[in-house]
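Letters go in sequence order (proteins before strands), and every chain restarts at 1.
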Amino acid sequence: MELAVRGLTHRYGDMVVLDDVSLHIPAGEILCVVGPSGCGKSTLLRMLGGLEQPDWGEVLQGGTPPEGCLNPLTYVFQDFALLPWRSVAGNISLVLEDHHLPGDRVRAIIEDVLARTRLSDFHDALPRQLSGGMKQRVAIARALAVNPAVMLLDEPLSALDAQTRELLMEDLVALWERQPFTGVYVTHNLAEAVRLGHRIAVLSRRPGRVREVIEVPGALSERQAGDAGLEAIQAHLWALMRDEAMAADQELLDA
Amino acid sequence: MPEIRVPFRGGGFRPEARRGTGIAVFLLLLFLIEWGTRTGWISNLTLPRPSDVAATLGDLARSGALWTHLLPSLSRLAVGSVLGISAGVGVGVLIGLFSYIRAGLVPLVAAIFPIPKIALLPLFVIWFGIDEGSKYALIALGTFTPTVVATYGAVDNVDRGLIRMGQSFGLGWWSIVRKIVLPGALPGILSGLRVSLAIGIILLVAAEMLGAEHGIGAYILQAGALYDLERLFAGVVILSCLGVLTSWAIGKIEKRLLVWRG
Ligand SMILES: Nc1ncnc2c1ncn2[C@@H]1O[C@H](COP(=O)(O)OP(=O)(O)OP(=O)(O)O)[C@@H](O)[C@H]1O
Ligand SMILES: [Mg+2]
């Protein structure tokens, strides 16, 4: 499935958060969205998945979701959003229960996604027993369980330490290689953006506008940390963002 | 080489279970009163001797009178508070979920809450009859309001991020309420139940004092009228036990249902 954003404008009270944002996310591609803090990245993502309505503009979807897709637009949240009173398997079955699938089919899906995220041993663990990285893997497993056409990820790795982040990035690449999904990946981290994005959209500080969309060449699986080409793109991104980020940092939120 | 050990500044602010402390305080107090009344330091018009109260309780149990008073009280408390609490949880959840219901009912609940319900007993007698009906209604109304307030507060405190998550996976409204809102509100609802049940016990006794043949309240009232301090205190002890017992039961339920909090 592909997504397109046309002329998205949104304000909270008097504050314009997004200003005429237009983007295209082709099927099977990951678009990374970077921008200074408070520029409206999360707001944009909420609108992409229909969790919030824009004041102006529209979000369009095209193409048909894959066979067996239970929830075409699926989120992975920064704070994991796991139900603390349900086990790992229970959290995954939560998103399957409303679809009235036969019990053995549900069990098969849970086993499959847990295996894909290397969590099979934690089937019955409660979220509080898991580390941050494992919690996010559960959230990813939950997203995979509904066989999404588009994954919407809001800083999924920013609550994690650098090593866990590296491992999970590899996991995400492996998952995408296995079954390419359309993705929108919001992040602060430019290194993540150049590793996971086929293209990178740079937003300006608030009000968020699209400053530039950069193509990142090369297959995801061949990108390594420290690759010279990627470093160059990252430096370019940083040059674009530096002044914006500094200016954003000086602004009072309620000014 | 540095040689002063860094002083410890952490710890505290985290009460832990200390087994037996509660009972020790209790026993110490009883012992003091017993000693005071025996030495005459406390006159036996001020306080009865704990051993006499215990003997009275023993008699009460042996004669079977304990059950003729306790059973009606327990069934009134059970029926009244089940009615009040289930209605309270239901209304509280509705207030927590719907803007119009909230706008319409919150002021009403705030208006009912501070009324001493016992003042309404005559009215309830007219509405529900002199027998059990008016007592059930009194206890139900008394447990209803604190349960409503605790429940909608608990629903308000459910993490909105979890609800967004449910919506983003296309869960139905009823699924979100059942699987996210209610379990998330459960800790708050259960701690509200402690207050509600304590109020229920207070109202139970008040209702029984105003018109009942049997029941702990009636028993205490008779004892008080005769200035029989041993029997009066025996009744009070039974009430305290009832309070401790309900609180303990809720503690057990919390342990059971809220294992996930760790
Ligand atoms: N529901 C809301 N009501 C009012 N203001 C909001 C709301 N959500 C976000 N905002 C404001 O809109 C602006 C953009 O928020 P948003 O969360 O989209 O930014 P962001 O780019 O995701 O920031 P960050 O990088 O810090 O996550 C912020 O200034 C924020 O305070
Ligand atoms: Mg954000």
Side-chain angles (χ1 to χ4, degrees), chain A residues 42-43 45-53 65 69-88 90-100 124-130 135 138-139 141-154 156 159 184, chain B residues 13-17 89 92-93 96-99 150-194 250-262:
Chain A
S42 301
T43 308
L45 206 68
R46 283 199 296 276
M47 287 169 182
L48 281 174
L51 286 183
E52 197 165 333
Q53 278 183 311
C69 170
L70 301 175
N71 188 47
L73 306 174
T74 296
Y75 283 90
V76 174
F77 298 93
Q78 176 177 5
D79 61 358
F80 322 131
L82 299 177
L83 301 184
W85 49 86
R86 284 196 178 216
S87 67
V88 167
N91 266 286
I92 298 170
S93 84
L94 173 80
V95 300
L96 302 171
E97 284 161 12
D98 276 18
H99 295 282
H100 310 291
D124 297 318
L126 284 170
R128 71 177 159 88
Q129 299 170 306
L130 305 176
K135 282 185 203 157
V138 177
R142 177 179 63 190
L144 294 174
V146 293
N147 197 13
V150 180
M151 290 260 255
L152 303 167
L153 306 104
D154 192 358
V184 180
Chain B
F13 298 99
R14 195 180 216 182
E16 286 164 15
V89 169
V93 170
L97 293 177
F98 297 105
S99 311
T151 303
Y152 83 71
V155 172
D156 287 350
N157 275 331
V158 174
D159 184 355
R160 297 295 122 165
L162 295 180
I163 295 177
R164 293 284 164 276
M165 181 278 292
Q167 291 177 320
S168 81
F169 278 96
L171 266 63
W173 182 87
W174 179 234
S175 279
I176 291 179
V177 171
R178 220 159 27 103
K179 296 171 189 170
I180 301 178
V181 175
L182 286 181
L186 196 60
I189 294 175
L190 284 178
S191 65
L193 281 197
R194 287 177 193 276
I250 292 175
K252 279 278 162 212
I253 296 174
E254 280 178 338
K255 269 229 176 86
R256 195 75 192 273
L257 293 181
L258 306 180
V259 262
W260 51 270
R261 287 201 301 190

Heavy atoms of other groups near B:Arg160 CZ, more than 12 under 6.0 Å: yes
Choice from B:Leu171, B:Leu258, B:Val259 maximising heavy atom contacts with chain A below 4.5 Å: B:Leu171
Check whether any side-chain N or O of A:Asp98 sits under 3.5 Å from a backbone N or O of B:Gly172 as a donor-acceptor pair, and report yes or no. yes
Please check if the side chain of A:Asn91 supplies one atom and the backbone of A:Ala139 the other of a donor-acceptor pair under 3.5 Å. no
I'd like to know if B:Arg194 and B:Glu254 make a salt bridge, using a cut-off of under 4.0 Å between side-chain N and carboxylate O. yes
How long is the span from the CH2 atom in A:Trp85 to the NZ atom in B:Lys179, to the nearest 0.5 Å? 12.5 Å
Region of [X] in contact with chain B, defined by heavy-atom distances below 4.5 Å:
X        : value
A:Leu152 : neither
A:Tyr75  : both
A:Arg86  : side chain

Flag the one option from A:Leu126, A:Val95, A:Asp79, A:Leu73 with the top tally of heavy-atom pairs under 4.5 Å to chain B. A:Val95
